[in-house]
Amino acid sequence: MSSHKTIIKNGRFLVPGADKPVLQGYMTIENDRITYIGEKEPLAVEDAHVVDGSRLMFMPGLVNTHGHAAMSLLRGYGDDLTLQVWLQEKMWPMEEKFTGDDVYWGASLSVLEMLKGGTTTFLDMYDHMDRVAEVAELSGIRAVLMRGVIGLCPEEVQNQKLAEAIAFARNWHGKANGRITSMISPHAPYTCPPDFLVKFVQAAHDLDLPMHTHMSETLREVEQNAADYGLRPVAHLEKLGMFTRPSLVAHGVHLNDEEIEILARYKVGVSHNPGSNLKLASGIARVTELLKAGVTVSLGTDGAASNNNLDMFEEMRLAALIHKGITGDPTAVPAPEALLMATEYGAKSIFLDGVGRLEAGMKADFIAIDIDQPHLLPHTDLLSHAVYSASAKDVEHVWVDGRQVVKHGECLTLDEEEIRRKAQESFEGLLKR
Ligand SMILES: CSC[C@H]1O[C@@H](n2cnc3c(O)ncnc32)[C@H](O)[C@@H]1O
Ligand SMILES: [Zn+2]
């Protein structure tokens, strides 16, 4: 098999957490892996494709650890509502009408937006997941996909949905050269009764897969859980055995000290979704306390219907700003930490090894930002610029698994024109049905 080689010359490379977080020099890629990164020019790499990095800043691709890609079809459909009203009165009635094709075009629209905006990995929890997997396979993006299940239905329907979740995970985990992996995902403790949740824990054990769910997103949810089951969501899920599996919870907005300690003890990760939490007025997660306790905190956009975009630069910036505001501490979530949350911690929280860092031996998932633009000058501190000044619009090139998927802002793997048209048609079709 012939190997594919790339060498980047004279670039600036971001390595958050390293002694020298901005490195000037060279990076080589062979097939799906980074083979060298350093200041010195490597020995001649024969037959390599050469990229001139002189006006570019290279950084790990962004990792979006919670979302519902097909919900881009409902962007702007139901603003300025609380979570419960938004779900029950706006999202669920529309989602009931979604066909597999709607999910395909909604997911295509989201993957297009994410790739062009520098997201190289996304987690997706939804229905009709075979169609999302098709999009992931075609686009070249890395994806952690799962059939999310709402159990507010008769037992036979519950069991059928669970069987779908298991079949999806069995069929897709490890596919697309390992770019697609899977998890087991009950939607939330308030939509899945305890005996049903236990079946997901069992399935995760049987398949040896991690678990993902929404948890403690609103105060109302926490209070209702205590009223229904005598326990707040964290203790409830602990009691049902969920944390015996490697787990990632989305949101974790309303957590007390004891709950943070429980999550840390079980090594449960938290996907922090600041944009969605602000928009739905759910609150602000205790990120500084979570990080201090040793919890892996990553970043997610949630769906585009509660955000209302999938710009991970925006989530990074929000994470770096709102925790300063709420704690009164200007050192809360400093820029390197925000960048780690969007990259290395992101990959760790969704159980991906070898992803999220520019280092020899790691997967070649990386992006290049045009740093010659007014809002990214002067080049005082490029890591600071990545967090506080950049946005999805600044992404020039994107590589996933060593393959270039965005070049000069154009997606090479998806038909942008077709996706625009089909997504609009899908939305109009949903309104008529
Ligand atoms: C069947 S899995 C997907 C399910 O989740 C819903 N959803 C989207 N955003 C949120 C959120 O912030 N909290 C809880 N549930 C959410 C989506 O509408 C789907 O029905
Ligand atoms: Zn969600």
Side-chain angles (χ1 to χ4, degrees), residues 64-98 100 102-103 106-107 110 122-132 144-153 157-158 160-162 164-165 168-169 182-192 196-197 200 211-222 224-225 233 248-254 270-285 298-310 315 349-350 430:
N64 185 348
T65 64
H66 179 74
H68 315 279
M71 292 186 83
S72 57
L73 291 188
L74 301 179
R75 191 195 319 265
Y77 184 83
D79 287 340
D80 309 329
L81 300 166
T82 61
L83 173 69
Q84 194 208 5
V85 175
W86 176 79
L87 279 176
Q88 292 179 356
E89 295 180 17
K90 300 298 257 183
M91 298 300 120
W92 288 344
M94 284 296 264
E95 287 176 325
E96 231 174 65
K97 299 189 272 181
F98 272 40
D102 293 326
V103 169
S110 287
F122 75 113
L123 176 146
D124 204 51
M125 175 212 279
Y126 215 62
D127 193 2
H128 300 286
M129 289 304 294
D130 287 330
R131 305 307 303 277
V132 182
V144 181
L145 307 178
M146 60 213 70
R147 202 293 193 204
V149 175
I150 293 177
L152 304 172
C153 48
V157 184
Q158 283 184 348
Q160 187 202 321
K161 289 181 176 183
L162 173 61
E164 277 174 34
F168 176 81
S182 191
M183 290 165 78
I184 294 296
S185 186
H187 169 262
Y190 58 91
T191 55
C192 293
F196 191 37
L197 272 170
F200 284 86
M211 296 190 69
H212 181 52
T213 196
H214 295 95
M215 190 198 73
S216 305
E217 184 175 359
T218 63
L219 192 56
R220 186 197 149 100
E221 171 200 335
V222 174
Q224 194 62 49
N225 209 94
L248 173 72
V249 294
H251 305 299
V253 173
H254 298 277
V270 173
S271 174
H272 176 40
N273 293 204
S276 174
N277 294 158
L278 288 172
K279 184 155 189 288
L280 294 169
S282 301
I284 296 177
S298 57
L299 293 177
T301 55
D302 216 336
S306 62
N307 190 299
N308 282 5
N309 63 45
L310 305 176
E315 300 305 315
S349 78
I350 53 176
L430 285 166

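All figures in this text were calculated on a predicted structure; none of them were measured in a lab. Just follow the structure's listing: the first ligand is 1, and inside any ligand the first atom is 1. Side-chain atoms are counted along with the backbone in the values below, which use heavy atoms only and exclude waters and symmetry mates.
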Distance check, rounded to the nearest 0.5 Å: [X] atom [atom1] versus [Y] atom [atom2]?
| X | Y | atom1 | atom2 | value |
| --- | --- | --- | --- | --- |
| L299 | H66 | CG | NE2 | 13.0 Å |
| I184 | T213 | CD1 | OG1 | 12.0 Å |
| L73 | M94 | CG | CE | 8.5 Å |

### Query
What residue among K161, Q160, M125 forms side chain to side chain contact (heavy atoms under 4.5 Å, CB included) with V149?
K161
### Message
I'd like to check E217 versus L83 (side-chain heavy atoms, cut-off strictly below 4.5 Å). Are they in contact?
### Response
yes
### Task
Check whether any side-chain heavy atom of L248 sits under 4.5 Å from a side-chain heavy atom of S298, and report yes or no.
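L248 vs S298: side chains touch.
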Tell me, which protein residue and heavy-atom name are nearest [atom], and how many Å apart are they?
| atom | value |
| --- | --- |
| atom 10 (C) of ligand 1 | H214 NE2, 3.7 Å |
| atom 1 (C) of ligand 1 | G148 O, 3.4 Å |
| atom 15 (N) of ligand 1 | H187 NE2, 2.8 Å |

### Message
Any atom of ligand 1 sitting under 4.0 Å from a heavy atom of R147?
### Response
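Contact check R147 vs ligand 1: negative.
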### Task
Could you tell me whether ligand 1 has any atom less than 4.0 Å away from a heavy atom of D302?
yes
### Message
Does the plane of the ring in H214 sit parallel, tilted or perpendicular to the ring in H251? Use 30° and 60° as the thresholds.
### Response
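Plane angle under 30°, so parallel.
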Numbered atoms and elements of ligand 1 in range of [X], under 4.0 angstrom, heavy atoms:
| X | answer |
| --- | --- |
| H251 | 12 (O) |
| Y190 | 14 (C) |
| E217 | 11 (C), 12 (O), 13 (N), 14 (C) |
| E95 | 17 (C), 18 (O), 19 (C), 20 (O) |

Specify side chain, backbone, both or neither for [X], according to which of its non-hydrogen atoms lie closer than 4.0 Å to ligand 1.
| X | value |
| --- | --- |
| L87 | side chain |
| W86 | side chain |
| D127 | neither |

### Query
What closest approach, in Å, do M71 and G303 show between heavy atoms, and which atom pair accounts for it?
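Smallest heavy-atom distance, with atoms named: CB-CA, 4.4 Å.
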#### Entry: Shortest non-hydrogen separation from A304 to S72 and the atoms involved
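Heavy atoms of A304 and S72 come nearest at CB-CA, 3.8 Å.
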### Query
Any side-chain donor-acceptor pair under 3.5 Å between E315 and N307?
yes
### Task
Report the residues that fulfil side-chain hydrogen bond (donor to acceptor under 3.5 Å, both in side chains) with Q158, sequence neighbours left out, ordered by chain and then residue number.
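If we apply the side-chain hydrogen bond (donor to acceptor under 3.5 Å, both in side chains) test to Q158, skipping adjacent residues, there are no hits.
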### Query
Hey, which protein N/O/S atoms does the Zn ion (ligand 2) have under 2.8 Å?
H66 NE2, H68 NE2, H214 NE2, D302 OD1
### Message
Less than 4.0 angstrom from a charged side-chain N to a carboxylate O is my criterion; do D79 and K279 meet it?
### Response
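Salt bridge between D79 and K279, a charged N being under 4.0 Å from a carboxylate O: yes.
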### Task
Return yes or no for this condition: an N or O of Y126 is under 3.5 Å from an N or O of ligand 1.
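N/O-N/O distance under 3.5 Å: no.
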